[in-house]
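Order of listing sets the numbers, starting from 1, for every ligand and every atom in it.
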Amino acid sequence: MSLKLNHLSHSFGSHRTLRDIELAIDTGEQVALIGPSGCGKTTLLRILGTQLMPTQGTVRQLGTNSADLSAKDLKTLRTKIAFIPQHLGLVPNVSVLRNILNGGLGKTGLLSAIRQMLYVTKAETQRVYQLLERTGISEKLYDRTDSLSGGQQQRVAIARALYQNPEVILADEPTSAIDPARARSLIELLTQLSQEENITLAVSMHNLELAKAYFPRLIGLKEGTVKFDTPPAKLKAEQSQDLYLIKPQDHG
Ligand SMILES: Nc1ncnc2c1ncn2[C@@H]1O[C@H](COP(=O)(O)OP(=O)(O)OP(=O)(O)O)[C@@H](O)[C@H]1O
Ligand SMILES: [Mg+2]
């Protein structure tokens, strides 16, 4: 089992974000998290990625309970779980190469991090180039990252995630800032990479049609609870409608 949540709840202060969630995601599984704004998708992904800890219940990643780990072991666990945040977290004014190398920093010691700031080996450049070939932007290796389009920067973020050889990739709304055709090809890329490398993949997204087309498992969240967990073929129209239904007292 890759990721497992038991009776997991989370609150920011008195605000409940996730309520009593039970979830198990197998190694290599591909899961789309869907649901309206504020339903808890980012919070759930951040808990899976160990950036946030649950308020109640437990989360297990790759067979360990992250709450029990020492700082050192937690750091090691994080190198196996690549988290692609919605705003990517790339450094804008440096090259694509440099951004991708940063993805490996959690794995190396301080000395090799300093060495890498001074010079990049041929093997490192080659590896980054190969990853950029896989994500379809190898010609951008030496370009400044902020000169790339939003969709190209998403591909840099994916290459950076792959550079750490992750067992899990968590991507928070990777398609929110790009046009529909590029969104489709980006989701195709993520699911294909996950399949080829047997990487567990969890992606939050708003586009239900895209989720249905590419993910074998859809998890619908509303107000912090799981409303459905189903293969797309079994998703009923009323389930997805109910997910996005706005009650009169809601304004967001
Ligand atoms: N740092 C924070 N402090 C307090 N409340 C927060 C914080 N971050 C998120 N929240 C609240 O937690 C709830 C869940 O937020 P979350 O960001 O997980 O939703 P989401 O499903 O990712 O929404 P979106 O689709 O808009 O990205 C929301 O009600 C939000 O206002
Ligand atoms: Mg979010």
> Going by distance only, is there an N or O of Gly38 that falls short of 3.5 Å from an N or O of ligand 1?
Replying inline: yes
>> One pair to check against salt bridge (Lys or Arg N to Asp or Glu O under 4.0 Å): Asp229 and Arg217. What are the steps and the verdict?
In response: CA-CA 7 Å; Asp229 182 350; Arg217 182 173 174 192; 2.8 Å; yes
> Are Ser9 and Asp20 linked by a side-chain donor-acceptor pair shorter than 3.5 Å?
Replying inline: no
> Quick one: does NZ or CZ of Arg127 land under 6.0 Å from the six-membered ring centre of Tyr163, within 45 degrees of the ring axis?
Replying inline: yes
> Judged by modelled atom types alone, do Ser2 and Arg60 share a side-chain donor-acceptor pair under 3.5 Å?
Replying inline: no
> By number and element, which atoms of ligand 1 are closer than 4.0 Å to a non-hydrogen atom of Ser37?
Replying inline: 23 (O), 24 (P), 25 (O), 26 (O)
> Is there at least one protein heavy-atom neighbour under 4.0 Å from atom 19 (O) of ligand 1?
Replying inline: yes
> Any side-chain donor-acceptor pair under 3.5 Å between Thr50 and Arg78?
Replying inline: yes
> If only atom types and distance count, is the side chain of Arg19 paired as donor or acceptor with the main-chain N or O of Glu223 below 3.5 Å?
Replying inline: yes
>> If the contact criterion is a heavy-atom separation under 4.0 Å, does Cys39 count as touching ligand 1?
In response: yes
> Quick one: nearest non-hydrogen protein atom to atom 22 (O) of ligand 1, plus distance?
Replying inline: Thr42 OG1, 2.7 Å
> Just which atoms of ligand 1 are under 4.0 Å from any heavy atom in Thr43?
Replying inline: 14 (C), 15 (O), 16 (P), 18 (O)
>> Ignoring hydrogens and geometry beyond distance, is a side-chain donor-acceptor pair present between His10 and Thr17 at under 3.5 Å?
In response: yes
> Is any N or O atom of Gly40, backbone or side chain, closer than 3.5 Å to an N or O atom of ligand 1?
Replying inline: yes
>> Evaluate Gln86 for polar contact with ligand 1, using N/O atom pairs at a separation under 3.5 Å.
In response: no
> Touching ligand 1 at all, Glu173? Heavy atoms, strictly under 4.0 Å?
Replying inline: yes
> Of all the non-hydrogen atoms in the protein, which one sits nearest to atom 25 (O) of ligand 1, and at what distance?
Replying inline: Lys41 NZ, 2.7 Å
>> Give me the residue, atom name and distance of the protein heavy atom closest to atom 5 (N) of ligand 1.
In response: Phe12 CD1, 3.3 Å
> Between the side chains of Thr42 and Asp172, does any donor sit under 3.5 Å from an acceptor?
Replying inline: yes
> Under 4.0 Å from any heavy atom of His206, which atoms of ligand 1 are there?
Replying inline: 25 (O)
> Looking at Arg182 and Glu188, does any basic side-chain N land under 4.0 Å from a carboxylate oxygen?
Replying inline: no
>> Does either side chain, that of Gln30 or that of Ser194, offer a donor lying less than 3.5 Å from an acceptor on the other one?
In response: yes
> In the protein, which heavy atom is nearest to atom 29 (O) of ligand 1, and how far is it?
Replying inline: His15 NE2, 3.0 Å
>> So, with waters excluded, how many protein N/O/S atoms does the Mg ion (ligand 2) have closer than 2.8 Å?
In response: 1
> Salt-bridged, Arg184 to Glu209, with N to O below 4.0 Å?
Replying inline: no
> Going from NZ on Lys41 to CD1 on Ile34, what distance comes out if it is rounded to the nearest 0.5 angstrom?
Replying inline: 9.5 Å
> Which residue, Leu5, Leu8, Thr43, forms the side-chain contact (heavy atoms from CB on, under 4.5 Å) with Pro54?
Replying inline: Leu8
>> Under 4.0 Å, heavy-atom basis, I'd like to know which part of Thr17 is in contact with ligand 1: side chain, backbone, both or neither.
In response: side chain
